[in-house]
Amino acid sequence: TSPNVMSFLGITVHWHWDGEIRHVILDFVRLTSAHTGAYLTEKLVECLKEYGIKEKVLAVTCDNAESNAVMLREMMKILPGFRGPQVRVRCFGHVLNLAVNAILSQFDCKKLASKTSDDSDNDSKAVMEAVRLLRDLDNEEPDEAPEPGDDDDEQGDKSREAADTALLDRLDDENPELVLTREEIGAGQLALEKILKLSKKVWNSPTVCAELAELAVAAGLDYEVLIRPVRTQWNTITEVIERALEMRDVLGGLCDKVQFNRQDGVRLHRFMLTKKEWVLLEQLHRLLGPFLFATNQISSSSRALVHKVIPYIDILTRHLDDFIDDDDLVPLVCAAAEHGRLVLNKYYTRTDESLIYRIAMILHPAYKAQYFCDQQWEEEWIEEAKMLIREEWEENYKPGHDTEGKGKAPEDTPPNDAASGKAPKPGKGHHSAQAANNIVTQAMFALVSKSTKRMSAADPLEAYLETPPVPSIEDPLYHWNLVLQSCKDDSPDAALAQMALDFLSVPAASTDAERAFSCGHLTVLWLRHSLGEDSVRAGMVVGSWVRIPDLLDEESLAKSMKPPAPRPVKKCATAKETSGPSRAQGGPKEGVEIVVVD
């Protein structure tokens, strides 16, 4: 949705060309009906047909909205050769966000307050005090004006949000052993809510912000202001906590200032944290830190590639396991880590629904199938992954074996005994005997030559799978692009290199689609709400295409952007003196030409 009350379907395309990942906004399609899977299929297929690429779609990267699953199944029925859910890549950025939300679900103050309201008589004084403070912080009058676009950002995709909420709500129901006491939950929720509210107060009050900056400079800190939390921006809570921990030494003094604790003021004393609360926030930050790093890494188009998903999940899973098993941590933090692990496990399992992940992993020269062995995958799973890549190679990439006429000597060419490995018949005389000895020697080494030729003619995929991984190869696209450039276009090695480039170029996140809508939001400003759908589409699409050299003809583009030539001025008769009004009475000056402006 946008200020001009229009809905658009953003479609981005990604491909490998000349050693680089290329990506553009393919189209910005106006949507006029409910965003059902069938309707999205109709509009997407129309777009693919219009651009002539309906047979070139290898994979589709999208989030977890149910309409996307329906769309992929419907596309299978319309597009021959498209494999639907088998080539679906779930946006890894969205998966990371879900895991972070699962961790933070233990710190949801509204959830605690709603549970406590029914049987408050049984709650301890500490729980009731936490609930009272949380309600006080949550129900206070907002003291900041919403920034332009905040409402739009918070609307999001309702289908995706509903699915995410349902997933998180089921965690406690399906895992009752993870439910803690209300006192433990309330303490953690109060600590997080305090620092979030304090950050908002500082950010939205110039006076408080200036005082904090002075305290930070006097203390020699690197930062002078807290970070404003934004619910719709992934991992922003991690950044808020990190900045608060860095400025911890001056925040206590800020909250204790008399001028900021008047009854009709910001009353910052309410946000002072205890030592235990700071310890909890420090542990929570260590838990969330790797998720922030992973999100930043996959938010770049050149880095968000599908072969990184499984290694990232493995690293994050080990990280969560360390927190789960650490008895020295606050129980709430351990339970939060358990919730995050449940979400990661869920989507790790779903990578098996798509063939893209495993094929891309095996085609990475530093991983191959050995990675799965090192991670202690079951042998059956490893063999299944090898079977998938062999089937893909045989059916879609391996060049045909047309052996007719190949390997045969011309009829007028005598057979070459040396090449066949047979000893030739000796001739007569000394020179003939010497020549025969030379031929026998050649025949001995011809066997080695034939063995080399057989190896070169062997299936390149099998040869690749048999060789060990090469850990020194960090950029698989660069490696396979060199292989492709060094081979003949129609050779099996070139076909294998092209297959590797295809799968390793699949984006792991829909980051570029999200950026397209951010760019669209800047195009359709609140003061430009009358832009039509054609203008929005042209501005978005052409603005993206011009980044790729030679994608558009610059001369034609320049001509299309030139304003039309003005119409010739139509002149009327020269005014002459008449009995009409004089110049003093407002009439025309003598000799002035009167023109009609169309």
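Since this is a predicted model, take the numbers as computed values, not measurements.
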- Message: For the aromatic rings, using the six-membered ring if either is Trp, is the centroid distance between Y464 and W480 under 6.0 Å?
- Response: yes
- Query: Mind checking whether H319 and F323 have ring centres under 6.0 Å apart?
  - Reply: yes
Looking only at heavy atoms, what is the nearest atom pair of [X] and [Y], with distance?
{"X": "A59", "Y": "V89", "answer": "CB-CG2, 4.5 Å"}
{"X": "G188", "Y": "F107", "answer": "O-CD2, 3.4 Å"}
{"X": "A102", "Y": "V343", "answer": "CB-CG2, 3.5 Å"}
{"X": "R547", "Y": "V24", "answer": "NH2-CA, 4.1 Å"}
{"X": "C373", "Y": "I382", "answer": "SG-CD1, 3.6 Å"}
{"X": "F503", "Y": "L58", "answer": "CZ-CD1, 4.0 Å"}

- Message: F28 vs W545, test: ring pair (Phe, Tyr, Trp, His ring centres under 6.0 Å). Steps then yes/no.
- Response: CA-CA 12 Å; F28 231 54; W545 291 359; over 10 Å; no
Kindly compute the distance separating [atom1] ([X]) from [atom2] ([Y]), expressed to the nearest 0.5 Å.
{"X": "I237", "Y": "L284", "atom1": "CD1", "atom2": "CG", "result": "8.5 Å"}
{"X": "L192", "Y": "Q106", "atom1": "CG", "atom2": "CD", "result": "12.0 Å"}
{"X": "L477", "Y": "S505", "atom1": "CG", "atom2": "OG", "result": "5.0 Å"}
{"X": "T295", "Y": "L96", "atom1": "OG1", "atom2": "CG", "result": "4.5 Å"}
{"X": "L355", "Y": "Q86", "atom1": "CG", "atom2": "CD", "result": "6.0 Å"}
{"X": "L320", "Y": "I313", "atom1": "CG", "atom2": "CD1", "result": "11.0 Å"}

Carboxylate-amine/guanidinium proximity below 4.0 Å for [X] and [Y]:
{"X": "E74", "Y": "K77", "answer": "yes"}
{"X": "R537", "Y": "D27", "answer": "yes"}
{"X": "K398", "Y": "E392", "answer": "no"}
{"X": "E20", "Y": "R22", "answer": "yes"}
{"X": "R286", "Y": "E282", "answer": "yes"}

Could you tell me whether the side chains of [X] and [Y] share a donor-acceptor contact shorter than 3.5 Å?
{"X": "D352", "Y": "Y357", "value": "no"}
{"X": "N97", "Y": "N235", "value": "no"}
{"X": "Y312", "Y": "T317", "value": "no"}
{"X": "T12", "Y": "H14", "value": "yes"}

Donor-acceptor pair, [X] side chain versus [Y] backbone, under 3.5 Å?
{"X": "S354", "Y": "T351", "answer": "no"}
{"X": "H94", "Y": "R90", "answer": "no"}
{"X": "T349", "Y": "N345", "answer": "yes"}
{"X": "S7", "Y": "L31", "answer": "no"}
{"X": "S510", "Y": "C62", "answer": "no"}
{"X": "N204", "Y": "K200", "answer": "yes"}
{"X": "Y367", "Y": "P469", "answer": "no"}
{"X": "S67", "Y": "G37", "answer": "no"}

Below 4.5 Å, heavy atoms only, C-beta onward: do [X] and [Y] meet side chain to side chain?
{"X": "E391", "Y": "N396", "result": "no"}
{"X": "L332", "Y": "Q189", "result": "no"}
{"X": "M361", "Y": "P311", "result": "yes"}
{"X": "T238", "Y": "H285", "result": "yes"}
{"X": "R88", "Y": "N68", "result": "yes"}
{"X": "I310", "Y": "Y348", "result": "yes"}
{"X": "V546", "Y": "L552", "result": "yes"}
{"X": "V70", "Y": "T36", "result": "no"}

- Pairs touching residues 370-382 that satisfy side-chain hydrogen bond (donor to acceptor under 3.5 Å, both in side chains), sequence neighbours left out: D314-Y371, R318-Q375, Q370-D374
Tell me whether the count of non-hydrogen atoms from other residues, nucleotides or ligands lying under 6.0 Å of [atom1] in [X] goes above 12.
{"X": "E55", "atom1": "CD", "result": "no"}
{"X": "Y478", "atom1": "OH", "result": "no"}
{"X": "F293", "atom1": "CZ", "result": "no"}

- Message: Does T32 form a side-chain contact (heavy atoms from CB on, under 4.5 Å) with Y39? I'd like the steps, not just the answer.
- Response: CA-CA 10 Å; T32 56; Y39 181 60; 3.3 Å; yes
- Task: For K346 and V95, run side-chain contact (heavy atoms from CB on, under 4.5 Å): C-alpha distance rounded to whole Å, both residues' side-chain angles, the deciding distance at 0.1 Å, then the answer.
- Result: CA-CA 10 Å; K346 177 182 178 67; V95 172; over 6 Å; no
- Item | Step-by-step salt bridge (Lys or Arg N to Asp or Glu O under 4.0 Å) determination, K49 to E46 | CA-CA 5 Å; K49 289 182 177 179; E46 285 179 3; over 6 Å; no
- Should the ring pair H364 and H307 be called parallel, tilted or perpendicular, given that the plane angle runs from 0 to 90° and is split at 30 and 60? perpendicular
- Message: Does F82 form a side-chain contact (heavy atoms from CB on, under 4.5 Å) with L72? I'd like the steps, not just the answer.
- Response: CA-CA 9 Å; F82 181 70; L72 293 171; 3.9 Å; yes
- Task: Kindly write out the residues that satisfy side chain to side chain donor-acceptor pair (under 3.5 Å) with Q498, not counting sequence neighbours, or none if the list is empty.
- Result: D502
- Applying side-chain contact (heavy atoms from CB on, under 4.5 Å), name anything that partners I324, two or more places apart in sequence or on another chain. D321, A337, E338, R341
- Item | Candidate pair V306 and L504, rule side-chain contact (heavy atoms from CB on, under 4.5 Å), full reasoning | CA-CA 7 Å; V306 72; L504 292 168; 5.9 Å; no
